[in-house]
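Below is one structure, written out as structure tokens, with a few remarks after it.
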There are 2 protein chains.
Amino acid sequence: MCHLLVTNDKRMARNRQTTEQQLIAATGRVLAQQGFGKLGVNAIAREARVDKVLIYRYFDGLSGLMRAYAEQGDFWPSADELLAGVDQVSGLQPIAQQFTTVMHNYVQALRVRPLTLQILSWEMVERNELTAYLEEVREQQGLALTGALAAIAEHRPEVDVAALASLVSAAINYLAARSQHIKYFNGVDITDDAGWQRLERTIAQLAEALLLSPDSV
Amino acid sequence: MCHLLVTNDKRMARNRQTTEQQLIAATGRVLAQQGFGKLGVNAIAREARVDKVLIYRYFDGLSGLMRAYAEQGDFWPSADELLAGVDQVSGLQPIAQQFTTVMHNYVQALRVRPLTLQILSWEMVERNELTAYLEEVREQQGLALTGALAAIAEHRPEVDVAALASLVSAAINYLAARSQHIKYFNGVDITDDAGWQRLERTIAQLAEALLLSPDSV
DNA sequence: CAATGTAGTCACCACCGGGTGACATTGCAA
DNA sequence: TTGCAATGTCACCCGGTGGTGACTACATTG
């Protein structure tokens, strides 16, 4: 068992910033590969090939590391991403179509972000730095979008735009997150593009039915 | 430290069936009070005031115990419960109203079953005996109900009834489960009856808009 | 080149989880 | 009453976790 002073070539130059980045990156990898349940200091340090004590020294513990990870991650679609294809100068596009487009963009955005789906699932069960961050961003953005929609939909005072948006986005959140583990929900294949087209088509229909102004048929 | 042969009066008569019941009941209590994350042999045995080895002997491990617990629990609303208030002899009641009533009953049923909400949350994250059981029952029942609805809604071939039912029930699952930990979703208070009335009213509107036969307005 | 603070390593602790083998006690049947 | 299987108790083992103190190795500065 001679472990002499073998100069290990894989040693990285000592650099705090680099190490911090490695830890943050490792957090993402552990989350993606093993899920939230296994996300702990030991697993992260192992993945980053770094000693776990550095998590305490640099981030003051797991919470701090998760906060750092949350702030530098692209978990939530930007407003621009959600509004792609929406004519913002108003009037030219029926509000129902705007709604449908936003929800379509939302579906695409979620299905392309597996880590967001992980967090979305986990926030059903536990509240922590990551889930709190995602919640906050979502709630603010949701309110902004809903507010804009509601303003345009004044011609339909009997429709509760916030409730409608809540229902549809809740359904999308649920189905997208569940598609990680199951294939069929009520007979609809939620792992498949075809299944989502059925869902999106239905969303479009109900948006038209509820939001179109009566005279613009 | 004299621990003589003090005959402990709280000793139960030895009885396997009684013990099994205690373990099953303790499973429910641990689940309700500490959530899924803490549901393990140690916690259950402690709660049941019984040695954990009996979980292995009688149920062949935690999985078996959870299966037993699932089979004897009232986690899922029965078809009768969901169909309460629905006129089944058909024809007399518009299909939109039937749909709305079923979804209303579903909301009530879920909000009154905290353990079901726990399981519903957990099945977003992990698949085990309990969540698998709930999934199976739901999928079967959902398909049956959707099939019945679809048969009645023949007059609206352009509407994808399964997709519509999936959307609405997914939204209900999501919002009911999330209401365990958060209060507002997109500005709607999901811990409050008033908030749910907004949601249900919107469900009723979209059911009318999509399912009502064109001539029965 | 020496000194010093920082980056990183290592060994260790207490705790808790699942799981098991050996033992004591009880009820019941022969 | 005796014997035995069923019931229940206890003491462990193992591995993993979060967390900490003492150490070494390095880079930079004077």
Side-chain angles (χ1 to χ4, degrees), chain A residues 1-27 30-31 33-69 126 128-130, chain B residues 1 3-27 30-31 33-69 122 126 128-130:
Chain A
M1 285 302 183
C2 62
H3 62 102
L4 303 180
L5 294 187
V6 184
T7 302
N8 200 338
D9 37 59
K10 77 186 333 185
R11 183 190 306 131
M12 305 282 303
R14 295 193 164 203
N15 182 338
R16 172 163 178 169
Q17 290 204 359
T18 304
T19 304
E20 286 183 354
Q21 273 312 116
Q22 282 176 337
L23 281 169
I24 291 178
T27 303
V30 172
L31 189 55
Q33 290 163 17
Q34 318 195 42
F36 246 104
K38 305 284 185 184
L39 189 67
V41 283
N42 289 300
I44 294 175
R46 209 178 305 128
E47 173 74 30
R49 301 172 161 280
V50 146
D51 197 282
K52 63 180 170 180
V53 81
L54 301 182
I55 294 177
Y56 296 99
R57 283 231 268 269
Y58 295 161
F59 298 97
D60 196 34
L62 187 59
S63 294
L65 177 54
M66 293 205 305
R67 194 177 314 123
Y69 176 64
E126 187 188 337
N128 59 36
E129 307 280 343
L130 244 70
Chain B
M1 283 306 185
H3 65 103
L4 304 179
L5 294 187
V6 184
T7 303
N8 201 337
D9 37 59
K10 77 185 336 184
R11 183 190 309 130
M12 306 281 305
R14 293 192 167 204
N15 182 340
R16 171 165 180 168
Q17 290 205 0
T18 304
T19 304
E20 286 181 352
Q21 274 311 118
Q22 283 176 335
L23 280 170
I24 291 177
T27 302
V30 171
L31 189 55
Q33 290 162 17
Q34 317 195 44
F36 246 104
K38 306 284 185 184
L39 190 67
V41 283
N42 289 300
I44 294 174
R46 210 178 304 130
E47 172 74 29
R49 301 173 160 281
V50 147
D51 197 282
K52 63 179 171 182
V53 81
L54 301 183
I55 294 177
Y56 297 99
R57 283 231 269 269
Y58 295 161
F59 298 97
D60 195 35
L62 187 59
S63 293
L65 177 53
M66 294 205 304
R67 193 178 313 122
Y69 176 64
W122 204 258
E126 188 189 338
N128 60 37
E129 306 281 342
L130 244 69

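Every chain is numbered from 1, with letters handed out A, B, ... down the list of sequences.
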If you count every heavy atom of other residues, nucleotides or ligands that lies below 6.0 Å from A:Gln33 atom CD, does the total exceed 12?
yes
- Heavy atoms of other groups near A:Asp60 CG, more than 12 under 6.0 Å: no
Of B:Arg57 and B:Leu62, the one whose closest nucleotide on DNA chain C sits nearer the 5' end is B:Leu62
Interatomic distance where [atom1] belongs to [X] and [atom2] belongs to [N] [whole Å]:
{"X": "B:Ile55", "N": "D:dG8", "atom1": "CD1", "atom2": "P", "result": "13 Å"}
{"X": "A:Tyr56", "N": "C:dT9", "atom1": "OH", "atom2": "P", "result": "16 Å"}
{"X": "B:Asn15", "N": "C:dT26", "atom1": "CG", "atom2": "C1'", "result": "12 Å"}
{"X": "A:Arg16", "N": "C:dG5", "atom1": "CZ", "atom2": "P", "result": "16 Å"}
{"X": "B:Met66", "N": "C:dG18", "atom1": "CE", "atom2": "P", "result": "11 Å"}
{"X": "A:Asp51", "N": "C:dT9", "atom1": "CG", "atom2": "C1'", "result": "6 Å"}

Which of A:Ile55, A:Leu31, A:Val50 passes side-chain contact (heavy atoms from CB on, under 4.5 Å) with A:Ile44? It is A:Ile55
Here the residues of residues 38-48 of chain B within 4.0 Å heavy-atom distance, strictly under, of DNA chain C are B:Gly40, B:Val41, B:Asn42, B:Arg46
query: Do B:Phe36 and B:Leu130 come within less than 4.5 Å of each other through their side chains, counting heavy atoms only?
result: yes
